[in-house]
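Comments concern the structure below.
Fair warning: this is a prediction, and the values are worked out from it, not measured in the lab. Reminder, nothing fancy here: chain letters follow the sequence lines and each chain counts from 1. The figures here come from the full heavy-atom set of this structure, side chains too, leaving out hydrogens, waters and symmetry mates.
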Amino acid sequence: MATIRVRYSPAPSGELHVGSVSTALFNWLFARHRAGLGDDATFVLRIEDTDRSRTREEWIDGIQETLGWLGIDWDEGPFRQSERFERYAEAARRLVAEGRAYECFCTEDDVKARNATGTVAGRTPGYDGHCRDLDEAAREAQRAEGRTSVVRFRTPDEGASTFVDLIRGDVSVEWVNIHDFVILRSDGSPIFFLANALDDIDQAITHVIRGEDLIDTTHRVLALRRALGEAEQPVYAHLPLILAADRSKLSKRHGAVAVEEFRSRGYLPEAIINYLALMGWSPGDDAGEILSTDELAGLFELEKVTHASAVFDEKKLEWMNGEWMRRLDTAELGARIEPEVRARFGDRFNAAVFAHAVAIGQERSSTLVQLVEQMTCLFVAEDDFSIDDDAWARLVSVERVGEVLDAVTAHVDRCEWTVEGINLVGVIKDLGLKPGKVMAAVYVAIEGRAQGLPVFDAIWLIGRERALVRLRAARDRLGRDLPV
RNA sequence: GCCCCCAUCGUCUAGUGGCCCAGGACGCCGCCCUUUCAAGGCGGUAACGGGGAUUCGAACUCCCCUGGGGGCACCA
């Protein structure tokens, strides 16, 4: 039995976006898969809030809320780096005392200016080692001038840094390309590298699974760990990134990227998990694509993670969401939207009508939002009932639409009040018209839109009175629009 | 500019030297079903970036090029 400890360590700088959740998911799937194998696997949640200026409490709550909604649960934490500043500062002091790090008086602008003048032309820009070898007298002089300082880590001057990535193999970089970097800001707060290295040590993390955008930072963290006296190093695995359709980094300008946004647009957590798991990983052709979270955890293997970044395709997510909506138990599906529908319609809400609507809507919608929209025509007050322009245009274009509406109205007025009794197919045929050609007009008149629930059901659900009101209103409006 | 990672249909991917003139899924197109639209069923379109090398034989191995992405902060 192996001991596995992974961590998901988001920075609370906004709502969780799909890339970040993907990282959380892969860590979680790995831990749960190993636990299923009998290993002692722990998933730790850690909030990397070292940058006070970018941290907001609501983001931290939001991270937990979103993970909870998705069903990604954690065994330890959330730990917060902001509560461990003294620990980091102490470690930095120790590194300085041991000569592994040094006090640096250069400001950001100083460094930038020196880079601009070509001091390091032809090389990776970065710190030039200006304060590396200041003696105590020189440092004292700087302080006397009132200059503030940071603590900078001294990287090796030669040789290369190499580590084995579980999904990419050997990853190596020459140290000349990695300059001395800041580990403690002038205000005493730690920089990511330090806090991250120390937390991984203190929390005994065995596997670091994160996005490929962090692959270059690994060498610095590893150097820091060794300087901190840690002999053991965790296993690293760098995940492929999720890109926007234009292959650039996914960002707000590409539309929805925050998971909460997808949530409010009617996506199910099951579908989001399923979709994200299949971005950058595949269990092989035989497993199929619609997989529950448990099934995913059972099949997950880091070794099968793909290497190339993947483009986010909302079309496929939507399809997958529809698949999940149809797989869900109807009562369960109803329960997920009932609070919202109740809130929206107050005492106009009717449980029996709602249940029937969910049952027939389940088969024909891809998102919860679509499902809710389909049933608004059932609950909306007649005063608020409206027909959108596109739908009206559709109605008007129907052949002999006036006659159709008249015949339908007459039928609805007297027919037996069951869905089958309402069946309008015969009525249309009696006019010598094809139901498939003209029924759209009835949909528009009754549901206010060209896309919705089967209209015989809708008529039955809203009742004879209201159905007649809507049909006559449509007929009246038609008379005004198309004076005969 | 320097460094790192990557490279199969439009997109997500299967494929680890012969089973592949490359399979699945989404999308798209067509047909069927049909109370509009959806959903569903059936069918179709579409890819191994280029060039060398190794080999009897390369999508699969190696090299170069090209292309894409990422990194180079007192962000993480």
Side-chain angles (χ1 to χ4, degrees), chain A residues 9-13 48-51 53-54 104 106-108 111-112 115 120-127 148-152 165 168 171-174 176-179 181-187 189-193 195-196 210-219 238 240-241 243 245 247-249 275 278-286 288-290 306-320 322 326 361-366 370 374 391 394-395 398 422-425 428 435-444 447 449-457:
Chain A
S9 50
S13 54
E48 305 222 328
D49 57 346
T50 61
D51 187 346
S53 66
R54 311 217 306 190
C104 170
C106 300
T107 64
E108 228 180 317
V111 176
K112 216 173 284 174
N115 275 329
V120 289
R123 297 180 44 204
T124 301
Y127 189 64
T148 57
S149 66
V150 299
V151 175
R152 208 175 269 279
D165 188 289
R168 286 162 208 282
V171 179
S172 185
V173 182
E174 299 285 327
V176 292
N177 294 307
I178 303 177
H179 305 107
F181 56 94
V182 174
I183 55 175
L184 215 58
R185 297 187 182 89
S186 53
D187 69 357
S189 63
I191 288 294
F192 160 73
F193 304 107
N196 190 272
R210 26 121 86 146
E212 200 207 323
D213 52 338
L214 292 171
I215 197 165
D216 288 311
T217 70
T218 309
H219 303 93
H238 287 92
L241 263 24
L243 271 28
R247 302 211 73 91
S248 69
K249 206 169 178 175
Y275 180 71
L278 262 25
M279 290 229 94
W281 171 74
S282 168
D285 273 354
D286 298 338
E289 288 201 285
I290 305 301
T306 57
H307 298 186
S309 40
V311 170
F312 188 81
D313 179 11
E314 194 175 340
K315 279 272 181 46
K316 184 152 186 178
L317 204 210
E318 187 174 328
W319 163 76
M320 199 169 264
R326 273 161 244 133
Q362 176 171 27
E363 299 300 317
R364 40 190 313 110
S365 40
S366 298
Q370 286 172 17
Q374 286 182 356
R394 184 79 203 288
L395 178 148
V398 165
I422 292 166
N423 193 323
L424 297 165
V425 172
I428 302 299
K437 291 279 187 196
V438 303
M439 203 66 82
V442 185
Y443 277 82
V444 172
E447 304 187 21
R449 46 215 303 276
Q451 200 261 14
L453 300 173
V455 78
F456 309 158
D457 290 81

Problem - Atom-pair distance (CZ on Arg210(A); P on C5(B)), nearest Å - result: 15 Å
Problem - Rounded distance (Å) that lies between atom C1' of C3(B) and atom CZ of Phe181(A) - result: 16 Å
Problem - Closest to side chain of Asn177(A), choosing from C74(B), U13(B), C2(B) - result: C2(B)
Exercise for the section: May I ask you to evaluate whether Arg152(A) reaches the phosphate of C74(B), defined as a side-chain N or O under 4.0 Å from OP1 or OP2? Expected result: yes
Problem - Pairing partner of C28(B) (Watson-Crick or G-U wobble, both distances under 3.5 Å) - result: G44(B)
Handout entry: Distance, C1' atom - from G18(B) to U13(B), rounded to whole angstrom
Key = 23 Å
Practice task
Hunt down the Watson-Crick or G-U wobble partner of C2(B), both distances under 3.5 Å, from any strand shown, or write none.
Solution key: G71(B)
Problem - P spacing across the pair C31(B) / G69(B), given as an integer number of angstrom - result: 39 Å
Handout entry: Closest heavy-atom pair and its distance - Leu241(A), Asp213(A)
Key = CD1-N, 3.6 Å
Exercise for the section: Nearest whole angstrom, please: distance from the P of G71(B) to the NE2 of His238(A). Expected result: 12 Å
Handout entry: Nearest-nucleotide pick for Arg364(A), side chain only, options being C37(B), C74(B), U35(B)
Key = C37(B)
Handout entry: Integer angstrom distance from the P of C62(B) to that of U55(B)
Key = 16 Å
Exercise for the section: Kindly point out which of G40(B), A76(B), U36(B) is positioned nearest to the side chain of Arg326(A)? Expected result: G40(B)
Handout entry: Non-hydrogen side-chain atoms of Glu289(A) and Lys316(A) separated by less than 4.5 Å
Key = yes
Problem - Whole-angstrom distance between C48(B) and U11(B), as gauged at atom P - result: 12 Å
Problem - Integer angstrom distance from the C1' of C28(B) to that of A47(B) - result: 16 Å
Problem - Side-chain H-bond candidate by donor/acceptor type, Arg168(A) with His238(A), under 3.5 Å - result: no
Practice task
Considering only atom P, compute the distance from C6(B) to A25(B) and round it to an integer number of Å.
Solution key: 29 Å
Practice task
Verify the contact: side-chain N or O of Lys249(A) to OP1 or OP2 of G71(B), cut-off strictly under 4.0 Å; return yes or no.
Solution key: yes
Handout entry: Euclidean distance for C1', G50(B) against A7(B) (whole angstrom)
Key = 12 Å
Completion exercise
Arg247(A) has its side chain closest, among C5(B), U36(B), G68(B), to G68(B)
Completion exercise
Closest of C74(B), C4(B), C75(B) to the Arg54(A) side chain is C75(B)
Exercise for the section: Starting from the C-alpha separation in whole Å, work towards a yes-or-no answer on ring-ring contact (aromatic ring centres under 6.0 Å, His included) for Tyr127(A) and Phe181(A). Expected result: CA-CA 7 Å; Tyr127(A) 189 64; Phe181(A) 56 94; over 10 Å; no
Practice task
For the pair Arg54(A) and Glu48(A), find out whether any cationic side-chain nitrogen is under 4.0 Å from an anionic carboxylate oxygen.
Solution key: no
Handout entry: Shortest side-chain distance from Val311(A), nucleotide among A38(B), U11(B), U35(B)
Key = U11(B)
Completion exercise
Closest to the side chain of Phe456(A), out of U36(B), C4(B), U35(B), is U35(B)
Handout entry: Donor/acceptor link under 3.5 angstrom from Ser186(A) side chain onto base of C74(B)
Key = yes
Nucleotide N/O of nucleotides 20-29 of chain B paired with protein N/O under 3.5 Å:
from: G23(B); atom 1: N2; to: Asp285(A); atom 2: OD1; distance (Å): 2.9
from: G23(B); atom 1: N2; to: Asp285(A); atom 2: OD2; distance (Å): 3.2
from: G23(B); atom 1: N3; to: Asp285(A); atom 2: OD2; distance (Å): 3.4
from: A25(B); atom 1: O4'; to: Glu289(A); atom 2: OE1; distance (Å): 3.0
from: A25(B); atom 1: O2'; to: Glu289(A); atom 2: OE1; distance (Å): 2.3
from: A25(B); atom 1: O2'; to: Lys316(A); atom 2: NZ; distance (Å): 3.4
from: A25(B); atom 1: N3; to: Lys316(A); atom 2: NZ; distance (Å): 3.1
from: C26(B); atom 1: O2'; to: Lys316(A); atom 2: N; distance (Å): 3.3

Handout entry: Interatomic distance, Leu453(A) CG vs A38(B) C1' [rounded to whole Å]
Key = 11 Å
Problem - Ile191(A) or Val173(A), whichever maps to the more 5' nucleotide of RNA chain B - result: Val173(A)
Exercise for the section: Tell me which nucleotide among U36(B), A76(B), G71(B) gets nearest to the side chain of Glu48(A). Expected result: A76(B)
Handout entry: Closest to side chain of Arg185(A), choosing from C4(B), C6(B), C75(B)
Key = C75(B)
Problem - Nearest listed nucleotide, side chain of Val182(A), among C74(B), C5(B), A76(B) - result: C74(B)
Problem - A53(B) to A59(B) separation - P atoms, rounded to the nearest Å - result: 15 Å
Fill in the blank from the handout: Whole-Å distance, Leu214(A) CG to C3(B) C1', equals 16 Å
Problem - hbond_proxy Asp216(A) side chain to G70(B) base (donor-acceptor, 3.5 Å cutoff) - result: yes
Completion exercise
Closest to the 5' end of RNA chain B, once Val438(A) and Ala245(A) are matched to their nearest nucleotides, is Ala245(A)
Fill in the blank from the handout: Only residue of Leu184(A), Val182(A), Val111(A), Val150(A) satisfying side-chain contact (heavy atoms from CB on, under 4.5 Å) with Cys104(A) is Val150(A)
Handout entry: Arg210(A) side chain to Thr218(A) side chain, donor-acceptor N/O pair below 3.5 angstrom
Key = yes
